[in-house]
Every structure is written in structure tokens, then in C-alpha cells.
Amino acid sequence: MIDYPRHNKDGWQRWVPSWRLVSGLCIAFFGCLVGAAGLAYAMVSVPVIDESATAQNNVYYWADNTQMVATGGDRNRQSVNLSQIPKEMRYAVISQENKTFYSDSGIDPKGIARAVFNMAKGGDTQGGSTITQQYVKNAMLNDQSQTISRKVKEIFVSIKVGAEEPKDKILEGYLNSAYYGRGAYGIQAAARAYFNVDAVDLNPGQCAFLSAVLKGATYYDPAGSIAIDPAATPDANKKRAQSQMQDTLDKMVEYGHLSQAERAKYTELPTTQNPQSNAKLGGQIGYLVRLAKASVVRSGAVTEQQLEKGGYSIYTTFDKKKVDEMEKAVQKVYKEKIDPKKRPEKDTHVQFGGASIDTRTGAIKAIYGGQDATKHFTNNADVTGAQVGSTFKPFVLAAAMKWGVRDPDLGPVQAQDERTVVSPKSLYSGKNDLKINNYDGSIWENEKGEQWRQENDGQDNVGDPPDYKIDLREAMRESVNSAFVQLGMDVGLDKVKESAEDAGLLEDSLAGAGYPSFSIGVSDPSAIRMAGAYATFADSGKQREPYSVTKVTNKDGTLYTHKVEEKQAFTAKVADNVTDVLKTVVEKGTGSNAQLPGREVAGKTGTTDGNKSAWFVGYTPQLSTAISMYRYPDDETIKDRTFLEMFGTGGEKKIHGASFPSTIWQDYMSDAVKGMKVEKFPKPEPIGEVINDAPSPTPTPSPSPSASETEEVSPSPTPSPSDTQNSPSPPAPTESCDFWDINCGNGNNGGNTNGGNGPGGSEGSQSPSPSATETEGEGDSSGNTRGNTIWGTNG
């Protein structure tokens, strides 16, 4: 017998498992996994459709916790058989979302792997869903949370449904349970919501469109959803929907589900009807609910689909009394002044918008969104496209007090310590038709060599002759365009834009800051944002985001609570000095109609070129309110809808910020501040230096220069021959010119939306014989004579 030597393991080797042990453990582990998966598959059952998706209402509450309205959970769904769903609708969804639907097992392993990888990176669990999985998620699983356990459950249920249910039944169930936006669940409700037809009557183009909407109505509904996301504008949504629709149609042809000839019929986005509102959401309630709903969705606490299923309590900031007071103030003007029957060409399509914000918190206390949310869908308190005119000037002044004007001997980009902070006593030219300079004294010209000539209201020279210098306080009080356009150029329009954003305006609401008119309000922020931005001045430079929801709860408890966050946008010295200047506007300037006896008020009027919008934005120490007015057709069937002029509206020669907007503001605020403690604004500390106080070195012409006379003041250190008005004039901009649509126009009508090459409207400066109200310019019917060298711009 042979005695083989034993190989004993010493040291660390004795602790290393053999390959047999490792293999055995791996086999056992995977066996357990397979066994667990098999057990889970065997134990999982196919849930009953909608068994756990009982529709509920959402309850919205006023700021005092009393109920505003219960709505939003009545499920708009009418299930239809597959035979009533066009085959083009079925194949549109299959072609775009799951081309292997009829052959797969109900799940997409590659898609699931991507989802798992995404989770491993810390992302969410969305992705990797087949039509079967989406059907299971929408119709069978009450738990919509994005967790691993929920995703695993979805996978097992989907595999079982895919194995046990016919594919046509799954597809029918999916199309009947999916959410298409506008509160519509299922294809029948969607067909009615968008096209007012039954599902069976949908054409291939409409089917492809509805399959696009399934990706998310917020970004594909042509009506837009800017309340949820400012990027979801009607135009942007139409482009996204058109692109997705065309891609779907192309895939249907590629996969053999649609002929090329039929596909060629649908190259344009189908016409959709306006969203319909719940009857319970009439008057202002619909606007309030829509605003609050958008706030909840933006918070990320609840998705739009979850909110549609109901069961939530939404506590808002809205003060019922103030909402009623604002509506009453607007309706009073409608009743007493606006008469479409008497003046059909002047008083039709008149719209008002309004918003009122607590200056210390940012809470939206009231809005006016329109005459009735069930009839006028657009919320006029939100983004409308109405430009703000001279209510933008305080941001120019704030920039000049924060950053200062640039040193003309240095480069265009200058640090704060290289600049000179201005005082409200700083002097600027109030001359009409002022030739605008760059900060260094050179004449501003566009790429075509055309100069900018800035008009004042009524083409008046404002200030003390002979040089017409006027200090910035008086320039604000009189709303002198020429002074603030030049001030904006001296500070730098990038700093003016920064100032507006710091105060609370959104960047995408601001026009391009490359042209002189930027300083006098060619931008179109909402009434909510304007009220919020002025609230920043009211509270000594502390900026807070406007908000409409304080908390959201459901049966599981509190899901969201708003936290007020503030930042110091401006120093107290800057903000308080802006307020002090704006007090002058109300005390003895263009905003005198807004005075509240016994209370301090600061504010600014604003009107745009062509008299197409008018504003008053003002505030007390506790409450900031913005009121807008414009004319814009509701009828979306009108091609190329535009803002309409308001000359003659309400029986007035022209509409300006000092007329109806300030009247509404004063009427509303008189009631809104009742019961509030009477407070004064902080006394401002002295700020800045007085600049431009040296007398003009140039000869003084007659007080009323003609179009052919030499410019009275040449801001340029070395005037060129083109500094005279009788020199060859630059090419006149036209409606099709490259000098931006916002500044092209026609001298005969005062320019288009934002400006004109004739003596266009500009706001704020008083004429030699001022009326009791603010006087503002309009287009000159003789614009052909002087329009070649003078461009009207917003005031």
C-alpha cells in the first residue's frame, strides 16, 4: 500500500474556499433567485382593472383654510371597445412606443436593464416600459411611486398579463386607461377633449398627434402649459407635437401600417379646440385652481396624473376677500367704460390682468385672470405677451444705483469699483429725438449704420432749457424716455437685465438686451412677476419667489410644505432709494391717480408704442399689485392674432397707465389695505454721485427745433456730419427689415409691436399744458416726413 503524502494548507490558504465550494454556493444562490422569481410569479395575480384607482376630488382651500372648491378628481373616461378605436391609433402607439408589442413577452429586458443602470447611477426608475407595462401601471397598480419594489412588482405582473391576456385586450386596456392631458383618460375622452369627435372618427393625423400627447401633455398640448413650465409655450408645444407626429407617421409607413399616399395627407398639425373648463371653475376660481395646480406639479411633490386622480388637499395663499375686491374693481371699469356695442371697433377684445403679492413673503394674495375661466382660457395674471413699457424703468435706475455708469475712458466691461454709482439728482438730457450714445460718447449705430433717435411723449423737450437737463427723480416722475434710454446705455444693458432678473423677473420674459429700447419696456413679464419684482423694492431689496400653495396633503399626511426663501437682491440703500423715487411718481407725477389717502404708495405707470398695452404697478410697504390692460382677440381661429391698438377704447383718446390701470389699482388697493397697519417706507440713505451736472458746451437752438435743424446737444466728443438732422438719413426700417421685428414699424401708425420708424408712441412726459392724467404719445400720421431718422419705441 502506497502512502501518498498529504498537502496540508498552512496560514492564509486554509481560509480560501475551494472552487467546488464557490461553484456550489453560486449554483445555490442562483437557484434561490430562480426559485424566488418562480414563487413571486406564481403568487402574483392579475389585478382587477381600476380596482385601486377610485376617482376622488381634490379640495382647494383659501388662505383662511375655508374650502374654495372640490374638483379635479372626477375621472373623465368613457371606455370603448377595440373595434371603436381606429387601427391607425393602435399602430401609431405601437410604431412609436413598442414595435414588438405583438411578439414580446410583455417586458423589454434591454429597457429594464437601462432602467436598472439608471437607478444604479442614482436616477429614477422610469424607462424600459412596454405597452403592457404601461397598461399594468396605469390600470392595475395603485402605487405609482418610482421605487425598485414597485418596478419589480410591475415587471412580474406585466409578464403574467402578457402570458395570460390576449394582446388585443392589453392594447384596448392601455388606450382606454392612458392619460392624454386636459383631464382626459382614455382615447374616447381624448378624442372629445382635443377634436370634439368620437374615437372611431379619428383620422390618421389625429391618431399620430394623440400618440405624441401620450409622451406628456404638458409639453405636447398645443394650448401650452406655461403655468407648469415657462418652456411649455403654445408655439414650443406645437413644434414638439408636430415633430413627434411626423416621426410617428414615418414609422407607421416604415413598419407597413400606413401607405405612403395616405401618410402624405397629414403634413400639418391637426387643428385642436380650446381646452374646456369644469363648470364649477367659472369666474376667477378656474384661474386660481389652475395656478395652484401648476405650483403643485412644479414642486415635484405630486405629478399631474396623480393630481388628476384626486384625493389631495391643496392649501393656497389666495385671500377670498381680496380676489373678490380685485374682480369688483375690474368689473366696475368694464361696466362703466367698456362698451363693445357702442364702440365695436374700439372696445372689443379688451382684457385686464392683475396680481397682488405680500411683500414680506411672496404669497400671491389675489389675481384677476379674465372675465370667466370657462370662457376665457388664458390667465391674464400670468404670461400674456403684453409688454410692460415704462414700468420697466425702475430696473434701469436700480442698476445705475447698484453698478453705476461706466467710465468712458475704459473698456465696455468694467468692475464695480471702476464705475460711478448715480444719485437720483444726477442729470440727463430730457430732449426729444435725442441721439443715443454708447457709454463712451460715440453714437450708437446698428449693423446698418442706422442711429437711434429717442422720442418723448408728444415729442416734447422735457427739462430746463436751454440744455434740457433733468434729474433722474423728475425723469421718473415725468416718465422721460430719452433720459432712461441713455442711462441704460451708460450703465450697460446687461446690468439692466441683471437688475430685472435679480428683482424677480424671469429671463425668458425679457427681450434681447442688445438695443436701446430694452430700458423702456419691450419685455413682457407677467402681472404676477411684475408685482413680485416691485415687492423686492418694497422690502428693502429682499427678493422672494411668488407662490400660491402653502402645503399639500393626502391620506398619508403632508406631502409638501412651502418654505419662504429670500435673497438680498439689492442693498437696502439701493432698494429704498428706488422706492423713494417711485413715491414721487404717485405723489405728484403720472401715477397720481393711485394715491391712497393716509398711506405711502410707490409705483410706476407704463404704456407701449402703438398704445397696445398699459400698466400700473405699485406698492405699499405690505402689498404689491400690478394691473395690465390690452386688447387681444380670444378667437384662435383668427390667423395671425396680434395686440390691437387702444386709441379710442373706453371713450378715451388713448389708454395709458395713468387711466384705467391706475384707477383699478386704486379702487382695489383702497379695500385691500383696510385693516392693515399704516406703515411708512424706510427713509433712504444718500446714495451715489451727481453726474452730468456740467452745463452743455453746445449752442442752444430755439425751444421747438424743426426736423431740419442741427441737434441741440451732441453727446459725442467729436460730432460727425451725420450728427445733424439735415444730413443724409439712414435707410428707414420697414416691416420686413433686419433691424429686429421689435423695432421695425411704420411712421403712419406709430410703429408695430415695439417701435416704429415714425414718431411712435412713448410714455410719460407731460406736454406744456398737461391734463390731469398722464399724457402719452401715439403714432404721428405724418410719419413719412420725419420717420426716416426717428424711431418710435416703447415708453
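For the single chain, residues carry numbers from 1 onward in sequence order. Keep in mind that what you see is a predicted model, and the values were worked out from it rather than measured.
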*Asks:* List the atom of Met530, the atom of Thr391, and the distance in Å for their closest heavy-atom pair.
*Replies:* CE-OG1, 3.4 Å
*Asks:* Could you tell me whether the side chain of Asn593 and the main chain of Ser662 form a donor-acceptor pair under 3.5 Å?
*Replies:* no
*Asks:* Identify whether the distance between the nearest side-chain nitrogen and carboxylate oxygen of Asp382 and Arg529 falls below 4.0 Å.
*Replies:* no
*Asks:* Should Ile436 and Met489 count as side-chain neighbours, where that means a heavy-atom distance under 4.5 Å?
*Replies:* yes
*Asks:* Sub-3.5 Å donor-acceptor pair from the side chain of Lys435 to the main-chain atoms of Gln451, do we have one?
*Replies:* no
*Asks:* Do Gln416 and Val421 have side chains that approach each other closer than 4.5 Å (heavy atoms only, starting at C-beta)?
*Replies:* no
*Asks:* Would you check if Leu493 and Ser519 make a side-chain contact, meaning some heavy-atom pair closer than 4.5 Å?
*Replies:* yes
*Asks:* Assess, by modelled atom type and distance only, whether the side chains of Tyr619 and Thr579 contain a donor and an acceptor separated by less than 3.5 Å.
*Replies:* yes
*Asks:* Please tell me whether Arg473 and Thr584 have a donor and an acceptor in their side chains that are separated by less than 3.5 angstrom.
*Replies:* yes
*Asks:* Taking Ile655's backbone N and O only, do any of them form a donor-acceptor pair with Ser659's side chain (distance below 3.5 Å, no angle check)?
*Replies:* no
*Asks:* Determine the minimum heavy-atom distance between Ala398 and Val574, stating which atoms define it.
*Replies:* O-CG1, 3.8 Å
*Asks:* Look at atom CG of Asp464 and say whether more than 12 heavy atoms of other residues, nucleotides or ligands are closer to it than 6.0 Å.
*Replies:* no
*Asks:* Minimum heavy-atom separation for Ser624 and Ala535, please, with both atom names.
*Replies:* OG-N, 3.6 Å
*Asks:* Tell me whether Gln486 contacts the main-chain N or O of Asn437 through its side chain, where contact means a donor paired with an acceptor under 3.5 Å.
*Replies:* yes
*Asks:* Mind checking whether Phe570 and Phe537 have parallel, tilted or perpendicular rings, split at 30° and 60°?
*Replies:* parallel
*Asks:* Less than 4.5 Å apart, side chain to side chain, heavy atoms only: is that true for Pro661 and Trp615?
*Replies:* no
*Asks:* As a quick check of understanding, evaluate side-chain contact (heavy atoms from CB on, under 4.5 Å) for Arg631 and Gln351, giving each step before the final call.
*Replies:* CA-CA 6 Å; Arg631 292 178 63 212; Gln351 298 290 341; over 6 Å; no
*Asks:* Are side-chain heavy atoms of Lys604 and Phe616 found at a separation under 4.5 Å?
*Replies:* no
*Asks:* We want to know whether Trp403 and Gln414 form a side-chain donor-acceptor pair, criterion being a heavy-atom distance below 3.5 angstrom.
*Replies:* no
*Asks:* Show your reasoning for whether side-chain contact (heavy atoms from CB on, under 4.5 Å) applies to Phe518 and Val396.
*Replies:* CA-CA 10 Å; Phe518 181 74; Val396 184; over 6 Å; no
*Asks:* Could you tell me whether the side chain of Tyr368 reaches within less than 4.5 Å of the side chain of Ile664, counting heavy atoms only?
*Replies:* no
*Asks:* Heavy atoms only: give me the nearest Val586-Gly603 pair and the separation to one decimal.
*Replies:* CG2-N, 3.6 Å
*Asks:* Kindly say whether Thr625 contributes a backbone atom to a donor-acceptor pair with the side chain of Trp665 at under 3.5 angstrom?
*Replies:* yes
*Asks:* Which heavy atom in Thr536 sits nearest to a heavy atom in Ala503, and how many Å separate them?
*Replies:* OG1-O, 2.8 Å
*Asks:* Just checking, any donor-acceptor pair under 3.5 angstrom between side chains of Tyr630 and Asn380?
*Replies:* yes
*Asks:* For Ala400 versus Leu487, what's the shortest heavy-atom pair and its separation?
*Replies:* CB-CD1, 3.9 Å
*Asks:* In terms of side-chain geometry, is the basic nitrogen of Lys497 or Glu507 positioned less than 4.0 Å from the acidic oxygen of its partner?
*Replies:* yes
*Asks:* Between Thr605 and Thr590, is there a side-chain donor-acceptor contact under 3.5 Å, judged purely by atom types and distance?
*Replies:* yes
*Asks:* Rounded to the nearest 0.5 Å, how far does CD of Glu689 lie from NZ of Lys425?
*Replies:* 13.5 Å
*Asks:* Please tell me if the side chains of Asn446 and Trp444 come closer than 4.5 Å, counting only heavy atoms from C-beta onward.
*Replies:* yes
*Asks:* Backbone N or O of Glu685 within a donor-acceptor pair of the Asn577 side chain at under 3.5 Å?
*Replies:* yes
*Asks:* How long is the span from the NZ atom in Lys431 to the CG atom in Asp460, to the nearest 0.5 Å?
*Replies:* 12.0 Å
*Asks:* Counting only N and O atoms by type, is there a donor-acceptor contact under 3.5 Å from the side chain of Asp524 to the main-chain atoms of Val388?
*Replies:* no
